[in-house]
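To start, the structure itself, in C-alpha cells.
The first residue of the sequence shown is numbered 1, and numbering continues consecutively from there. Just so you know, these numbers use all the heavy atoms, side chains as well, and skip hydrogens, waters and symmetry mates.
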Amino acid sequence: MYRICKQVEIESGHMLSRHSGNCKFPHGHSRKVEMVFAAESLDDHDMVMDFKAVKDMMQEFINRFDHSICVNTDDPMYGVLKEAYGDRVIGFVSIDPTSEVMAKTVFDYVQNKLEHIKIKGGTWPVRAVVKLERVRVWETSSSWAEYEE
C-alpha cells in the first residue's frame, strides 16, 4: 500500500459548552490538519495522487474555517456570536466542536470532495482506487484527534 499525507494549517477558535473547565470559554488554536490518502498502485506519474489535488480540495474548507470560531448551536451565546460575526461563526448542531468532532468534519468534507473529483474530474485528476484513510487534527503541538472509517 502506498500512502501520502498532506498537511494544512488553520487558525481557528472554538467554545466547548459542555466542558467544566476553561475550554467552555472562547479560545483559539493553530491547528494542523493531516489527511492520509492511500492506493495499492501508483498512477502514470508514479504518484498516489498529486498533492495539488488535495490543496484544491481543501481551499474552500480553509477559506471557511480559517479565522473562524466553532460553536455548539445549543450554547446560549451562539445566536449573539452569529449575529455579531456572521459566517465567521460556524455552528455545530447540538454538539461541541472538539478536535474529535473536527477530525470527522474534515474527513466527511474531504471524502465528499474526493468522490466528486473521481466522478467529475478536475484540474488534478484522482483515480478511483485512491482512498482517504484518515484525518488527524492537531489542537496543540502535543495533542491531536484522529478519525478514520
Side-chain angles (χ1 to χ4, degrees), residues 1-19 23-24 26-43 47-79 81-83 85-149:
M1 186 68 69
Y2 294 93
R3 289 180 180 80
I4 63 168
C5 178
K6 177 69 174 168
Q7 179 178 298
V8 297
E9 294 184 19
I10 58 173
E11 302 295 328
S12 69
H14 64 169
M15 298 168 52
L16 305 180
S17 60
R18 296 180 181 152
H19 197 277
C23 291
K24 67 184 169 194
H27 62 285
H29 298 284
S30 295
R31 296 184 189 272
K32 288 189 284 187
V33 178
E34 297 176 1
M35 296 147 288
V36 177
F37 298 87
E40 292 184 10
S41 63
L42 299 178
D43 66 14
M47 299 177 183
V48 169
M49 63 189 277
D50 198 303
F51 287 114
K52 291 177 184 173
V54 184
K55 183 179 176 185
D56 285 354
M57 279 190 278
M58 288 302 292
Q59 198 57 56
E60 185 180 319
F61 181 89
I62 292 168
N63 291 344
R64 180 162 185 240
F65 277 78
D66 193 43
H67 288 83
S68 68
I69 185 165
C70 300
V71 182
N72 183 332
T73 57
D74 293 340
D75 189 292
M77 292 303 295
Y78 173 74
L81 291 167
K82 188 71 173 171
E83 180 155 335
Y85 299 108
D87 67 353
R88 302 321 301 160
V89 176
I90 299 172
F92 281 69
V93 179
S94 299
I95 191 167
D96 273 357
T98 61
S99 290
E100 294 87 344
V101 170
M102 290 295 295
K104 181 165 184 347
T105 299
V106 174
F107 186 96
D108 292 345
Y109 177 87
V110 174
Q111 182 70 18
N112 184 30
K113 287 285 192 179
L114 182 65
E115 293 307 314
H116 183 265
I117 289 172
K118 287 179 186 179
I119 295 167
K120 301 275 185 182
T123 305
W124 308 100
V126 177
R127 298 172 300 141
V129 298
V130 175
K131 304 287 184 215
L132 175 61
E133 273 195 353
R134 67 181 174 271
V135 169
R136 180 177 287 179
V137 174
W138 289 83
E139 183 166 299
T140 67
S141 63
S142 63
S143 304
W144 55 261
E146 186 173 86
Y147 181 82
E148 66 181 66
E149 288 190 331

Practice problem: Verify, without hydrogens or angle tests, whether Arg88 (side chain) and Arg64 (backbone) share a donor-acceptor contact under 3.5 angstrom. | Solution: yes
Quiz prompt | Pairwise distance CH2(Trp138) to CD(Glu146) - rounded to 0.5 angstrom | solution = 10.0 Å
Quiz item: Could you state the interatomic distance from CD (Glu148) to CZ (Arg136), rounded to the nearest 0.5 Å?
Solution: 10.0 Å
Quiz item: Should the pair Tyr109 and Phe61 be assigned to parallel (<30°), tilted (30 to 60°) or perpendicular (>60°) ring geometry?
Solution: tilted
Practice problem: With side-chain contact (heavy atoms from CB on, under 4.5 Å) as the test, would you mind laying out the steps for Glu40 and Val129 before giving the verdict? | Solution: CA-CA 8 Å; Glu40 292 184 10; Val129 298; over 6 Å; no
Self-check item: Test log, rule side-chain contact (heavy atoms from CB on, under 4.5 Å), inputs Met58 and Lys6
Solution: CA-CA 10 Å; Met58 288 302 292; Lys6 177 69 174 168; over 6 Å; no
Exercise. Evaluate the side-chain contact (heavy atoms from CB on, under 4.5 Å) criterion for residues Phe92 and Met102: first the C-alpha distance (whole Å), next the side-chain angles of each, then the deciding distance (0.1 Å), finally the verdict.
Key: CA-CA 10 Å; Phe92 281 69; Met102 290 295 295; 3.5 Å; yes
Quiz item: Backbone N or O of Ser41 within a donor-acceptor pair of the Arg127 side chain at under 3.5 Å?
Solution: yes
Self-check item: Stepwise salt bridge (charged side-chain N to carboxylate O under 4.0 Å, His left out) check, Asp56 with Lys52
Solution: CA-CA 6 Å; Asp56 285 354; Lys52 291 177 184 173; over 6 Å; no
Quiz prompt | Euclidean distance, Gln111 CD relative to Met35 CE, rounded to 0.5 Å | solution = 13.0 Å
Quiz item: Rounded to the nearest 0.5 Å, how far apart are CD1 of Ile90 and OH of Tyr78?
Solution: 9.5 Å
Which donor-acceptor pairs under 3.5 Å do the side chains of residues 66-74 make with protein atoms, sequence neighbours left out?
| unit_1 | atom_1 | unit_2 | atom_2 | d |
| --- | --- | --- | --- | --- |
| Asp66 | OD1 | Glu11 | N | 2.7 |
| Ser68 | OG | Phe65 | O | 2.6 |
| Asn72 | OD1 | Asp74 | N | 2.8 |
| Asn72 | OD1 | Ile95 | N | 3.4 |
| Asn72 | ND2 | Asp96 | OD1 | 3.1 |
| Thr73 | OG1 | Ser94 | N | 3.0 |
| Asp74 | OD1 | Ser94 | OG | 3.3 |
| Asp74 | OD2 | Ser94 | OG | 3.1 |

Exercise. Kindly compute the distance separating OG (Ser99) from CZ (Arg31), expressed to the nearest 0.5 Å.
Key: 4.5 Å
Practice problem: For Lys82 and Val89, indicate whether the former's side chain and the latter's backbone hold a donor-acceptor pair under 3.5 Å. | Solution: yes
Exercise. Could you pull out the closest heavy-atom pair between Phe51 and Cys5, with the gap in Å?
Key: CE2-O, 3.5 Å
Quiz item: If you count the non-hydrogen atoms of other residues, nucleotides and ligands that lie under 6.0 Å from NE2 in His116, is the total more than 12?
Solution: no
Exercise. Step by step, work out the side-chain contact (heavy atoms from CB on, under 4.5 Å) result for Leu114 and Phe37.
Key: CA-CA 10 Å; Leu114 182 65; Phe37 298 87; 4.2 Å; yes
Quiz prompt | Within 6.0 angstrom of Gln7 CD, more than 12 heavy atoms from elsewhere | solution = yes
Exercise. With the side chain counted from C-beta on, respond yes when Leu42 and Val48 share a heavy-atom pair under 4.5 Å apart, and no when they do not.
Key: yes
Practice problem: For residues Thr105 and Val101, determine if any side-chain heavy atom of one lies less than 4.5 Å from a side-chain heavy atom of the other. | Solution: yes
Quiz item: Which atoms form the tightest heavy-atom contact between Asp75 and Ser17, and what is the distance?
Solution: OD2-CB, 3.0 Å
Quiz item: Could you give the distance from CH2 (Trp144) to NZ (Lys32), rounded to the nearest 0.5 Å?
Solution: 12.5 Å
